[in-house]
**Q** 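Below: one structure in structure tokens.
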Amino acid sequence: MKFDVVTIFPKMVEGPLQEGIVGRAIAKGLLDVRVHDLRDFTTDRHRVVDDVPFGGGPGMVLKPEPLFAAVDSIRAARGAPGAIILTSPDGERLTHTVAARLSALDHLVILCGRYEGVDERVREHVATEAISIGDYVVSGGELPALVIVDALARFVPGVVGDAASVAGDTFASGLLDYPQYTRPAEFRGLAVPRVLLSGHHAEIEKWRREQALARTRRHRPDLLERHGGVPAGEGEGS
Ligand code: JCE
């Protein structure tokens with residue numbers, strides 16, 4: 001899967017991409033992520049990417065010309081992408097379902113906004129969709145772009161070593177994860193639940209299911225509603 005990320009802070013994006021699961025996937029050639037400095041697509045001596053908003057108001061807005069030029073250049077080098085995503089707090093919320101849909105595309109361009117936002121002509125005539133990573137505002141599109149690359153990459157075959165890990169992910173199963181423990185079995189007087197040491201696989205499965213349900217009920221009851229409630233015989237017992 002190919003990504004092109006356009007940003008005024010390329011180092012902010014390049015660093016995190018070299019680490020962890022995404023870093024390994026890039027090294028293995030499963031992902032091809034190119035990061036472009038928006039200032040390279042300016043034509044003035046000072047490489048200006050922003051300007052004051054028409055009509056007044058606080059802050060600055062990203063100018064359209066460098067963003068149009070960046071996308072033209074990416075298209076010329078890499079062909080037409082499957083989607084051109086603008087990161088924005090008022091975009092469609094990134095969910096498991098949206099991530100799975102976008103991960104089926106072979107090539108994505110992500111435009112990182114900054115300042116108070118991006119000239120609306122970019123959103124209307126360049127971007128094919130706007131995506132938000134959640135209902136809070138961060139200071140620009142770079143962290144959202146990294147979240148999008150990471151979340152989509154997990155659906156690409158081979159990126160996550162153990163496919164069962166992706167299938168079991170919280171938002172695939174519809175339940176929050178059960179608690180995890182590792183050695184030592186007792187640490188500073190804090191014991192691991194005995195059932196996990198029992199070797200009794202059916203009991204362990206039952207305990208994990210109960211824990212996952214209890215956590216989901218407590219912290220994310222909306223997930224249980226969305227999946228049509230708890231199936232018969234799968235409650236926490238009586
Ligand atoms: C961004 C900003 C709006 C004031 C470009 C924020 C997405 N879920 C999200 N949270 N924040 C963003 C995001 C994405 C791109 C930009 N800003 C800052 N946005 C109002 C400030 C600028």
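In listed order, ligands and their atoms are each counted from 1. Note that the coordinates shown come from a computational prediction; the quantities given were computed from them, not determined experimentally.
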**Q** Can you find an N or O of Gly113 that's nearer than 3.5 Å to an N or O of ligand 1?
**A**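 No, since none of the N or O atoms of Gly113 sits under 3.5 Å from an N or O of ligand 1.
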**Q** In the protein, which heavy atom is nearest to atom 10 (N) of ligand 1, and how far is it?
**A**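 Closest protein heavy atom to atom 10 (N) of ligand 1: Tyr136 O, 2.9 Å.
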**Q** For Glu116, is at least one N or O under 3.5 Å away from an N or O on ligand 1?
**A**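 Not met; the criterion fails.
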**Q** Is it the case that more than 12 heavy atoms not belonging to Arg93 sit under 6.0 Å from its CZ atom?
**A**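 Counting neighbours around CZ of Arg93, 12 or fewer heavy atoms of other residues, nucleotides or ligands fall under 6.0 Å, so no.
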**Q** Kindly confirm or rule out an N or O of Pro144 lying under 3.5 angstrom from an N or O of ligand 1.
**A**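 No.
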**Q** With a 4.5 Å heavy-atom cut-off, do Arg123 and Ser88 have their side chains touching?
**A**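 Yes. Closest side-chain heavy atoms under 4.5 Å.
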**Q** How about Asp51 and Val61: do any of their side-chain heavy atoms sit closer than 4.5 Å?
**A**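 No, every pair of side-chain atoms sits at 4.5 Å or beyond.
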**Q** Could you work out, for atom 13 (C) of ligand 1, the closest of Pro89, Ala130, Pro58 by heavy-atom distance?
**A**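 When every heavy atom of Pro89, Ala130, Pro58 is considered, Pro89 comes closest to atom 13 (C) of ligand 1.
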**Q** Quick one: which ligand 1 atoms are inside 4.0 Å of a heavy atom on Arg114?
**A**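 Within the 4.0 Å cut-off of Arg114, ligand 1 contributes 5 (C), 22 (C).
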**Q** Are the side chains of Asp4 and His107 in contact, using a 4.5 Å heavy-atom criterion?
**A**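 Of all side-chain heavy-atom pairs linking Asp4 with His107, at least one is under 4.5 Å.
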**Q** Of the backbone atoms (N, CA, C, O) and the side-chain heavy atoms from C-beta on, which set of Ser88 has a member under 4.0 Å from an atom of ligand 1: side chain, backbone, both, or neither?
**A**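 Contact part for Ser88 vs ligand 1: backbone (N, CA, C, O).
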**Q** Given 3.5 Å as the limit, does a donor-acceptor pair link the side chain of Arg154 with the main chain of Val160, or not?
**A**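 No; zero donor-acceptor contacts below 3.5 Å.
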**Q** Contact between Ile8 and Tyr115 at the side-chain level, heavy atoms closer than 4.5 Å - yes or no?
**A**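 Sidechains of Tyr115 and Ile8: in contact.
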**Q** Quick check on contacts: which atoms of ligand 1 are under 4.0 angstrom from a heavy atom of Gly134?
**A**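 With Gly134 as reference, the close atoms of ligand 1 come out as 8 (N).
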**Q** To which protein heavy atom is atom 15 (C) of ligand 1 closest, and what is the distance rounded to 0.1 Å?
**A**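 Atom 15 (C) of ligand 1 sits closest to the protein heavy atom Thr87 O, 3.2 Å.
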**Q** Any N or O of Ser132 that comes nearer than 3.5 Å to an N or O of ligand 1?
**A**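 Between Ser132 and ligand 1 (N or O atoms, distance only) the closest approach is under 3.5 Å.
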**Q** Are Leu213 and Trp207 connected in a single hydrophobic cluster, I mean Ile/Leu/Val/Met/Phe/Trp/Tyr linked by side-chain heavy atoms less than 4.5 Å apart?
**A**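 In one cluster with Trp207: Leu213, no.
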**Q** Identify the closest protein heavy atom to atom 17 (N) of ligand 1: which residue and atom is it, and at what distance?
**A**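 The answer is Tyr115 O, 3.7 Å.
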**Q** Output, in order, the C-alpha distance, side-chain angles, deciding distance and verdict of side chain to side chain contact (heavy atoms under 4.5 Å, CB included) for Tyr178 and Gln180.
**A** CA-CA 6 Å; Tyr178 50 78; Gln180 300 275 16; 3.7 Å; yes
**Q** Which heavy atom of the protein is the closest neighbour of atom 11 (N) of ligand 1, given with residue, atom name and distance?
**A**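 So the nearest neighbour among protein heavy atoms is Val138 N, 3.0 Å.
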